[in-house]
There are 2 protein chains.
Amino acid sequence: MEQFVRRIKHYVDVGDADLHVLKNLRSTTEVYQPGQTIVSLNEPVDKLYIVTEGWVLRARYLDDGRRQIINFLLPGDYFDLMSIVGARSDHSIVAATTVRLTVFDAQDFLRATQGSHRLASAFWWVTVQEETILRQQIVRVGRLSARERIANFILELNRRQAISSGRHEDFVPLPVPQAFLADALGLSIVHVSRSLTSLKSKDLLQTSRKGIEILDRQRLIELAEYNPALFEPHPVALAAQ
Amino acid sequence: MEQFVRRIKHYVDVGDADLHVLKNLRSTTEVYQPGQTIVSLNEPVDKLYIVTEGWVLRARYLDDGRRQIINFLLPGDYFDLMSIVGARSDHSIVAATTVRLTVFDAQDFLRATQGSHRLASAFWWVTVQEETILRQQIVRVGRLSARERIANFILELNRRQAISSGRHEDFVPLPVPQAFLADALGLSIVHVSRSLTSLKSKDLLQTSRKGIEILDRQRLIELAEYNPALFEPHPVALAAQ
DNA sequence: CGATACGTTGAGCGAGTTCAACATACGTGG
DNA sequence: CCACGTATGTTGAACTCGCTCAACGTATCG
């Protein structure tokens, strides 16, 4: 939950008064084991979930068993604001690891945020960032080579984790097997392994079961066609609005 | 502009009173020629544009000249609601054909829609649909073969055009060269041509300079792993909220 | 210490790319 | 209305990146 607060503060300077509203909202906690489905395809959504521990994934499963992971939801991320119009999910949301979620009623949540201009802005910002992440994913799988995709993706994970943890480190925890990377990046497991080996041999990064250590961020950024500035929010002068 | 109205009515039953507010909003018209940039990378956005004629595209251009088209904006589509928090564009928005746009001030627009619960819901729906389109694009380029991508994309264009035109036809106008398809689908121009030839030889579709004629929708849907139901909104009981 | 899941490596294959030539449509000026 | 130049689309041949299948390592956890 601190990650969530850190995240919205990264976009808009919400004060304790704003946050108080959120903290007082009725919520429950749900825990899921790896592989469990949280929201199924076509299920109506009327709750809002905040990830507090573990990794969640959005994915589409094709008839012949192929899977495309659309994106990962990390601690501090939430889903699905679209629920407020009563939409149904067009994809599955699944626990990638053991996951702890804080769950709100979507309408409660909406009413709470509408009371605060700053909170509402913060949520718009997070929504804008989500879309940026989706667009980046399209560029990755559409036009980047396997090595570029991996490098780019590692950098994105690193950036997102830095925002929600508040710490800028060169280690990217990766609590899921490479098969998940493969399904996210539109590659085969084998080729993910080979591409990582190739990046290691260039001394750009180091891998372990725990995650990936970024050894040469600058060269990695160049190889990945990754422009960190694209993802940084530009401060909003709320007072001026 | 009728396409725009048809589109939001497709999601929520907005009445003439709601629409009246929109029609009275101060707006201007802008015209762009093919290839002209409408919004550049990193440009602050403070306007809301509705496409009234022609095709617009969102794209990211990589350093070495590669281009990934993120999606197309067709008549009735609008961009960019994110402007209401003063975000900057993380991609370029470019006229694909000669384009006519209706332009609003983002803040004016926001105030107008906030007055009507139905209008606000309608815009949420459109935003939800946009995200669905982005997710679908990720699945396409991530896990579908070239033929599947093309078939899937044609079906999506057909669905979107049907909603905004109000007519369900089997002809999909395509006012851009195949190179645009290639950059949207993460393929080479040559392979787009070959894949289309292959689809033609199976009597699934027919092509001309004007667009694509769907000859066997059912088989095309099967080949494309395309589930039309995923994109249909489920009626919302607004009264119940 | 063994079972099991995960990661790595090799060999062969195949979908999609590149380069190049050719074909067809289209717009413009004569 | 034709003639030409340019855009776009098609086809062939060679190549390459990433895939599949299969075997073999190596963590990890009871």
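All values below were derived from every heavy atom in this structure, side-chain atoms included, with hydrogens, water molecules and symmetry-related copies excluded. Letters go in sequence order (proteins before strands), and every chain restarts at 1.
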Candidates [options] - which lies nearest the side chain of [X]:
| X | options | value |
| --- | --- | --- |
| L187(B) | dT10(D), dG16(C), dG10(C) | dG16(C) |
| R194(B) | dT8(D), dT18(C), dG7(C) | dT18(C) |
| S193(B) | dT9(C), dT18(C), dG9(D) | dG9(D) |

Roughly, in whole Å, what's the span from [atom1] in [X] to [atom2] in [N]?
| X | N | atom1 | atom2 | result |
| --- | --- | --- | --- | --- |
| L144(A) | dG18(D) | CG | P | 11 Å |
| Q178(A) | dC6(C) | CD | C1' | 8 Å |
| H191(B) | dC15(D) | NE2 | P | 19 Å |
| R147(B) | dG14(C) | CZ | P | 15 Å |
| I150(B) | dG9(D) | CD1 | C1' | 13 Å |
| L196(B) | dT8(D) | CG | P | 16 Å |
| L181(A) | dC6(C) | CG | C1' | 13 Å |
| L174(B) | dA7(D) | CG | C1' | 16 Å |

* Just wondering, more than 12 heavy atoms not from K200(A) lying within 6.0 Å of its NZ? -> yes
* Asked: Does P177(A) or V192(B) map to a spot on DNA chain C nearer the 5' end, using the closest nucleotide for each?
  -> P177(A)
* To do: Could you say whether A179(A) or R149(B) is positioned toward the 5' end of DNA chain C, judged by the nucleotide with the nearest heavy atom to each?
  =>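 The 5'-side residue here is A179(A).
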Counting just side-chain N and O atoms, does [X] come under 4.0 Å of either OP1 or OP2 of [N]?
| X | N | answer |
| --- | --- | --- |
| K200(B) | dT10(D) | yes |
| K210(A) | dA27(D) | no |
| T197(A) | dT9(C) | yes |

* Please give the nucleotide sitting opposite dA3(C) as a Watson-Crick or G-U wobble pair, both distances under 3.5 Å, or none. => dT28(D)
* **Watson-Crick or G-U wobble mate for dA7(D), both contacts under 3.5 Å** => none
* Ignoring hydrogens and angles, state whether a donor on the side chain of S145(A) or E148(A) is under 3.5 Å from an acceptor on the partner side chain. =>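 Judged by distance alone, the side chains do pair up.
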* To do: Can you measure from CG (L220(A)) to CG (L155(A)) and round to the nearest 0.5 angstrom?
  => 4.5 Å
* Tell me which of S145(A) and R209(A) sits closer to the 5' end of DNA chain D, going by the nucleotide each one is nearest to. => S145(A)
Under 4.0 Å, heavy atoms only, any strand: does [X] hit a base, just the sugar-phosphate, or nothing?
| X | result |
| --- | --- |
| I189(A) | nothing |
| S195(B) | nothing |
| V190(A) | base |

* Asked: Of V56(A), L41(A), L57(A), which meets side chain to side chain contact (heavy atoms under 4.5 Å, CB included) against I93(A)?
  -> V56(A)
* Cation-pi check, R100(A) to Y32(A): give yes when NZ or CZ is under 6.0 Å from the six-membered ring centre and within 45° of the ring axis, no otherwise. =>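 No, a cation-pi geometry is absent between R100(A) and Y32(A).
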* To do: Name the orientation of the base relative to the sugar in dA7(D): syn if the glycosidic angle is within 90° of 0, else anti.
  => syn
* How are the rings of Y78(A) and F4(A) set to each other: parallel, tilted or perpendicular (split at 30° and 60°)? ->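 Perpendicular.
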